Amino acid sequence: PDDVHFPASRNEIQRMLGNAVPSLLAEVIAREIAVQLLGAKPYAGEPTLLPPDRGPAPAPEATRPVSRPYRALIDDHDDHPGTGLGRRARLRINQAA
């Protein structure tokens, strides 16, 4: 949209956008732009940034029993309230006030 404004320099904006788009996706989009807008011939090969196939994933490892010192921690706990909202964070905030 025309009303979007990035409070950064041109180089910083390019870096932000470049970091937000994976390289392989950028290559595929650039190839399609070349074909559709610039009239280039479609590229027949695989993208150059496509990583090689590394074969099947290894089989999952068997689970091991929980060590004795940690068994006391097994229980049904509430979900974490979020970053900076836990019990210790609230204690720090209250102590600082």
Side-chain angles (χ1 to χ4, degrees):
D2 291 335
D3 61 339
V4 173
H5 176 70
F6 291 97
S9 71
R10 182 182 181 97
N11 286 343
E12 290 170 331
I13 293 170
Q14 288 174 337
R15 185 175 297 117
M16 285 189 286
L17 293 174
N19 289 338
V21 178
S23 301
L24 178 58
L25 177 62
E27 180 181 357
V28 171
I29 291 172
R31 287 180 177 192
E32 278 303 307
I33 289 173
V35 169
Q36 294 183 22
L37 297 179
L38 304 176
K41 292 181 180 178
Y43 187 77
E46 293 286 334
T48 57
L49 297 176
L50 183 65
D53 185 12
R54 295 184 291 182
E61 295 181 11
T63 57
R64 295 179 292 180
V66 176
S67 300
R68 185 179 299 277
Y70 299 105
R71 289 184 190 157
L73 300 175
I74 299 173
D75 198 358
D76 187 24
H77 300 283
D78 292 335
D79 291 339
H80 190 280
T83 303
L85 301 174
R87 184 179 57 83
R88 297 283 303 260
R90 286 195 309 265
L91 286 173
R92 282 193 302 272
I93 292 170
N94 290 338
Q95 289 173 353

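As the structure is a computational prediction, the values presented were derived from the model and not from experiment. Positions are given from 1 along the sequence.
Listed by chain and number, the hydrophobic cluster partners of Met16 are Val4, Phe6, Ile13, Leu17, where partners are ILVMFWY side chains within reach of under 4.5 Å, directly or through others. Here Val35 sits alone; no ILVMFWY side chain lies under 4.5 Å from its own, so it joins no hydrophobic cluster.
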Side-chain atoms of residues 18-25: list all donor-acceptor pairs with protein atoms under 3.5 Å, sequence neighbours left out, distances to 0.1 Å.
{"from": "Asn19", "atom 1": "ND2", "to": "Arg15", "atom 2": "O", "distance (Å)": "3.3"}

Report, one line per pair, each donor and acceptor closer than 3.5 Å where one atom sits in a side chain of residues 85-97; sequence neighbours left out.
{"from": "Arg90", "atom 1": "NH1", "to": "Leu85", "atom 2": "O", "distance (Å)": "2.9"}
{"from": "Asn94", "atom 1": "ND2", "to": "Arg90", "atom 2": "O", "distance (Å)": "3.3"}

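In this structure, CD on Glu12 lies 13.0 Å from CZ on Arg10, to the nearest 0.5 angstrom.
When the salt bridge (charged side-chain N to carboxylate O under 4.0 Å, His left out) test is applied to Arg31, the partners found at least two apart in sequence or on another chain are Glu27.
Screening residues 58-77 for side chain to side chain donor-acceptor pair (under 3.5 Å), with sequence neighbours left out, gives no hits.
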